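Here the structure is a predicted model, which means the values were calculated and not measured. Chain letters run A, B, ... following the sequence lines, proteins first, then strands; residues in each count from 1.
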Amino acid sequence: MLKKKTVGAGLALVASTVLIAGCDGWLGETGGEVDITAMSAEELADYLVLETGSYRLEQEAQEGGSARDRMTQDGIQAACSLEGDPDAETAGNVIAMARESYEAPPGGARLGNWRRGAELARSGYGYRVGHRNDDHGQREPGGNCYACHQMDPAEELYGTLGPSLAGYGATRGNDSAVVNYVHQVVSNPHQYFPCTQMPRFGRNNFLTEEQIAHIMAYLLDPASPVNQ
Amino acid sequence: MFKKALLALPVAMAVGAAAQAGEWQDPNDVLQNLLQNNPDSKYLHQSEMNIMMMPDNPALWLVEEGEELFYAQRGPNNVSLEGCDFGKGPGELEGAYVELPRYFDDVGKVMDFEMRLVHCMKELQGFTSDDSAVGQRHGSGSDIMKLTTYIAHQSSGMAWNPPLDHPEEQAMRDAGEVLFFRRGGAMDFNCASCHGDAGKQIRASVLPQMRDSQEWTKAVSWPAHRAGQDNVRSQNHRIRGCVWQMRHAGILPDTPVNTALISFWNDAARGEPAILPDLKR
């Protein structure tokens, strides 16, 4: 097999391990050989993600920036890349980072329209890139809450990765302390649940403040089916 | 080799009298043993319909089509794939699939199954990336999926046993574990967001837990017919779908992030029998 010469795309593949490896394009952009056994597992993982052409990193991301930005970890993502629960020190650092990066909405947190919130909670559309790209011009992205949470007790299809939120507002009310707390959890939940699996919907610009207000109404408005 | 056989032995004994570490088993028998041994696994028992359909798994059609393709003289060089070495020697397919990814001397790196298959189709048969034979990676009608299903079937019932003797095999497996837990993307997810706990659901779908090797062997047993998509899918297709749903960057075929992840996946199922091909929701 090594003796076979194949000419393609202007490159002659010859029987050299180094050359063939270089032509496969992932042992460094310069074609130089990289010794992957000399790296720690963490270094190698970062190298594989960012330096080997494994992802379409130059693609535009819907939230702004590029796919490369998505794959470059921020402080919370890096600190929470662990198995199981964080230790006390990590948890403290993550809470501090989350508090520092939290932004209260201009004019304070408020409730929007629970009917709009119900649509957003059901929709799993938005922000996917790669072989197919979600087109936010065609369809509004949603919060995909039902993928992980029970909400309306009459809805049969719901995930269990997160806690049930059925009756959430009915047991807590919706005074300003509750509304502010729920906003903090939806926008940047690591303030209360360090290294939670829940996305930072506000911090990551995944949902707009208006959309968050609608989803909060779905959770907290006494008229919402979540609270029946 | 002796050490590997010893490691696999207690597992093989646990899954039933007929099963032995290196012995081929019908994929339905492998599944039935797993179900019996794990009566409380919500993941394994989630679809009665799919369990019932398993003896008539539509993926079995691809086994026959893949066998024809494997032995046919094809490509610009008009040769069969019998000269392709998947790690057990040229044309040796029995048990090859469950011992991948592995380091290949001829290319000087670790390759996963699909990478190796494409490598052989290019180097031996002379196909180029522009040919649909290697360009089309997904769907039951693709050559790649037919060949994948045929070759994988030759390892059905055998224990996952990706080699870690070469330092690069160990490095890729370890990087794969880091990647499994590496959080990123617009939703801050890692693989463990969905595969960290037992019996969790995303919407209606029960998810496999990575640290439960008897759930995980089914999880990584691709190729599998996906009933919901009416197509036979690969490990690489599963990775692409997860990464897309996680809102990470789009992943490309024949790239080392795939290889590292699959190295870790298959290692996490080590010692458990593979269901090849499987049938999934």
Tell me if a side-chain donor or acceptor on B:Gln125 pairs with a main-chain N or O of B:Val79 at a distance below 3.5 Å.
yes
SG atoms of B:Cys84 and B:Cys120 less than 2.5 angstrom apart:
yes
Could you verify whether a donor N or O on one side chain and an acceptor N or O on the other, from B:Ser129 and B:Lys122, lie under 3.5 Å apart?
yes
Heavy atoms, side chains only, cut-off 4.5 Å: are B:Gln235 and B:Val220 in contact?
yes
Is the ring pair A:Trp114/A:Tyr218 parallel, tilted or perpendicular, if the boundaries are 30 and 60 degrees?
parallel
For the candidates A:Gly162, A:Ala147, A:Ala67, which exhibits the highest count of non-hydrogen atom pairs separated by less than 4.5 Å from chain B?
A:Ala147
Residue from B:Asp267, B:Leu164, B:Leu179, B:Thr259 passing side chain to side chain contact (heavy atoms under 4.5 Å, CB included) with B:Met172
B:Thr259
Tabulate, in ascending numerical order, the residues of residues 197-206 of chain A having at least one heavy atom closer than 4.5 Å to a heavy atom of chain B, or enter 'none'.
A:Gln197, A:Pro199, A:Arg200, A:Phe201, A:Asn204, A:Phe206
B:Ala260 portion near chain A, given a 4.5 angstrom heavy-atom threshold
side chain
Would a 4.5 Å heavy-atom cut-off, applied to side chains only, mark B:Met121 and B:Arg74 as touching?
yes
Which of A:Ser66, A:Cys148, A:Cys80 touches chain B most, by non-hydrogen pairs under 4.5 Å:
A:Cys80
Chain A: which of B:Lys200, B:Met187, B:Gln245, B:His248 shares the most heavy-atom pairs with it under 4.5 Å?
B:Met187
Can you tell which part of A:Glu63 gets under 4.5 Å to a heavy atom of chain B, answering side chain, backbone, both or neither?
side chain
Check whether any side-chain heavy atom of A:Tyr158 sits under 4.5 Å from a side-chain heavy atom of A:Met151, and report yes or no.
no
Among A:Ser40, A:Ala78, A:Gly130, A:Ala41, single out the residue with the greatest number of heavy-atom pairs under 4.5 Å to chain B.
A:Ala41
Just wondering, do A:Gln62 and A:Pro141 contact through their side chains at under 4.5 Å, heavy atoms?
no
Side chains of A:His183 and A:Pro105 in contact at under 4.5 Å (non-hydrogen atoms)
yes
Could you have a look at B:Arg211, B:Arg240, B:Gln170 and say which one has the most heavy-atom pairs with chain A under 4.5 angstrom?
B:Arg240
Quick check, are the ring centers of B:Phe104 and B:His166 under 6.0 angstrom apart?
no
Electrostatic pair B:Glu169:B:Arg173 at N-O distance under 4.0 angstrom:
no
Name the member of B:Asp197, B:Asn190, B:Asp130, B:Ile251 that forms the most heavy-atom pairs with chain A at distances under 4.5 Å.
B:Ile251
B:Val206 versus chain A, the contacting section by heavy-atom distance below 4.5 Å
neither
Check each atom of A:Arg132 against the heavy atoms of chain B and say whether the ones under 4.5 Å are side chain, backbone, both or neither.
both
Name the member of B:Val243, B:Leu207, B:Asn258, B:Ile202 that forms the most heavy-atom pairs with chain A at distances under 4.5 Å.
B:Ile202
Answer with yes or no after comparing the ring centroid distance for B:Phe86 and B:Tyr97 against a 6.0 Å cut-off, counting only values under it.
no
Most chain A-contacting option - heavy-atom pairs closer than 4.5 Å, from B:Pro167, B:Ala204, B:Gly185
B:Gly185
Residue part contacting chain B, namely of A:Glu155, when any heavy atom lies under 4.5 Å:
side chain
When the 4.5 angstrom heavy-atom criterion is applied to A:Leu82 and chain B, the contacting part is backbone
